[in-house]
Protein chains: 2
Amino acid sequence: MAPKDDLKKGSAELMVLAVIEDAPRHGYDIARSIDDRSGGVLRFHVASLYPMLYRLERRGWITGRWVEKAGQRRRRYYRLTPEGRRMLRQQRNEWHALFDALTRVAGLEPR
Amino acid sequence: MAPKDDLKKGSAELMVLAVIEDAPRHGYDIARSIDDRSGGVLRFHVASLYPMLYRLERRGWITGRWVEKAGQRRRRYYRLTPEGRRMLRQQRNEWHALFDALTRVAGLEPR
DNA sequence: CCATGATATATAGTCGCACCACATATGGCC
DNA sequence: GGCCATATGTGGTGCGACTATATATCATGG
C-alpha cells in the first residue's frame, strides 16, 4: 500500500545474522532468502548487502570464505562467529525491547 | 545491559505522533512522556526532539502554537493535523509489518 | 552462437535519522 | 545566590540504507 519500504535501522543486520544462523550462505542467497521469507514486505536491496557483509566481517561477527566450484562462478560463503552468535541473541532481545516499548508508548497492538 | 540504546530509524517519529494523538503537548512534555511510558528502555534525547518536531511540522503532520502563561516560560504546543493522523495510522501498520516480517525472517518470537 | 536474463559480487555517491556537544533562558527550592 | 528541573534551540558527526552503476559468469532459447 504505502510505497514506503524503508528498512528500519539495524533490521537488515538482524536478518542477515539470522539467516546464516544454521548454515553458511553466500551473499546473493542471503538476499534471496530474506526476500522470500518476508513475503516481499521487506525489499532488501542487493546494493546494501555487500557493504553490510564487509561491515559485519570487519566487526568479527561473521567470516567469509571463497568457494570455487566447476560450473559456477566463485561465491563467498559467510558463517557466524561465536561473537556473531552472541550479537544475534542480543539483537533479538533489543528488537523485543523495542517492540514492547513501542506497544506501550505508541499503542502498537501486540498481536 | 548492552550499551546499545540506539533508536531504530523512524521509531522516535512514531512515538511522538502517538503521544500527541489525544491531546496537544509541548516538546519537553513529549520527551518526558516517552521516557516514562517506555520505562526508560527508550531514552529519547532532547537534542533529537526539536529538529524532529520542525521536520514533522514542515511535512504538515503536526502544527505548533506558542502558549504564554504567567508563571512559566513560553511553550510550544503541538497537535496532529488530519494528514498527521493518516500518517500515524500508516506508520503503525508499517511497524506491524516490520515486526511480522522480522518474526518470520529472523525468528523473533511473537510473544 | 549470440542475446537475454538470472546469478553473483563490487564501488561511488547521496540522503536522512539519531547522536553528542553546546547554547540560552526561566522558575522553584534550599 | 547557587543548583536543579524546565524549556527551546543550533551545529556537527556517524552511520545505515538508498540509488545508480559496473563487472562477470552461467543457463536458456531462438
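Reminder, nothing fancy here: chain letters follow the sequence lines and each chain counts from 1.
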(request) For A:Leu7 and C:dC15, give me the distance from atom CG to atom P, rounded to whole Å. (result) 20 Å
(message) Closer than 3.5 angstrom, by distance alone: can the side chain of A:Thr81 be matched with the main-chain N or O of A:Trp61 as a donor-acceptor pair?
(response) yes
(message) From C-beta outward on B:Met52, which listed nucleotide comes closest to its side chain: C:dC20, C:dA10, C:dA18?
(response) C:dA18
(message) Would you say B:Arg76 places a side-chain N or O within less than 4.0 Å of OP1 or OP2 belonging to D:dG9?
(response) no
(request) To the nearest Å, give me how far apart CG (A:Asp6) and P (C:dC17) are. (result) 9 Å
(message) In this structure, how many angstroms lie between the P atom of D:dA24 and the CD atom of A:Glu68, rounded?
(response) 15 Å
(message) Check whether A:Arg92 reaches the backbone of A:Met87 with its side chain - one donor and one acceptor, N or O, closer than 3.5 Å.
(response) no
(message) Measure CG/A:Leu56 against C1'/D:dA17 and give the value in whole Å, please.
(response) 13 Å
(request) Give the nucleotide from the list C:dA10, C:dA6, C:dA18 with an atom nearest to the side chain of A:Tyr28. (result) C:dA6
(request) May I have the distance from B:His26 (atom NE2) to D:dT6 (atom P), rounded to whole angstrom? (result) 10 Å
(request) For A:Val46 and for A:Lys9, locate the closest nucleotide of DNA chain D by heavy-atom distance; then report the residue assigned to the nucleotide nearer the 5' terminus. (result) A:Lys9
(request) Taking only the side-chain nitrogens and oxygens of A:His45, find out if one of them lies under 4.0 Å from OP1 or OP2 of D:dC18. (result) yes
(message) In whole Å, I'd like the distance from the OH atom of A:Tyr78 to the P atom of C:dT9.
(response) 8 Å
(message) By the 4.0 Å heavy-atom rule, please label A:Arg59 as base, sugar-phosphate, or nothing.
(response) sugar-phosphate
(message) Does C:dA6 have its OP1 or OP2 closer than 4.0 Å to a side-chain nitrogen or oxygen of A:Arg32?
(response) no
(message) Can you confirm whether the side chains of B:Ser38 and A:Arg104 place a donor and an acceptor under 3.5 Å from each other?
(response) no
(message) Taking 4.0 Å as the cut-off, does a side-chain nitrogen or oxygen of B:Tyr50 come that near to OP1 or OP2 on D:dT8?
(response) yes
(request) Output, in order, the C-alpha distance, side-chain angles, deciding distance and verdict of salt bridge (Lys or Arg N to Asp or Glu O under 4.0 Å) for A:Arg59 and A:Glu13. (result) CA-CA 12 Å; A:Arg59 289 187 199 153; A:Glu13 218 170 75; 3.2 Å; yes
(request) Would you indicate, yes or no, if C:dG16 has its OP1 or OP2 atom less than 4.0 angstrom from a side-chain nitrogen or oxygen of B:Arg55? (result) no
(message) If I take atom CD in residue A:Glu13 and atom P in nucleotide D:dA17, what distance separates them, rounded to the nearest angstrom?
(response) 7 Å
(message) Strictly below 4.0 Å: does B:Tyr54 bring a side-chain N or O up to OP1 or OP2 of D:dG9?
(response) yes
(message) Expressed as a whole number of angstroms, how long is the span from A:Arg58:CZ to D:dG14:C1'?
(response) 13 Å
(request) Measure from the side-chain heavy atoms of B:Ala47 and tell me the nearest of D:dT10, D:dT8, D:dA20. (result) D:dT10
(request) Test salt bridge (Lys or Arg N to Asp or Glu O under 4.0 Å) on B:Arg85 and B:Glu21 and set out the steps. (result) CA-CA 8 Å; B:Arg85 261 169 224 289; B:Glu21 186 177 16; 5.0 Å; no
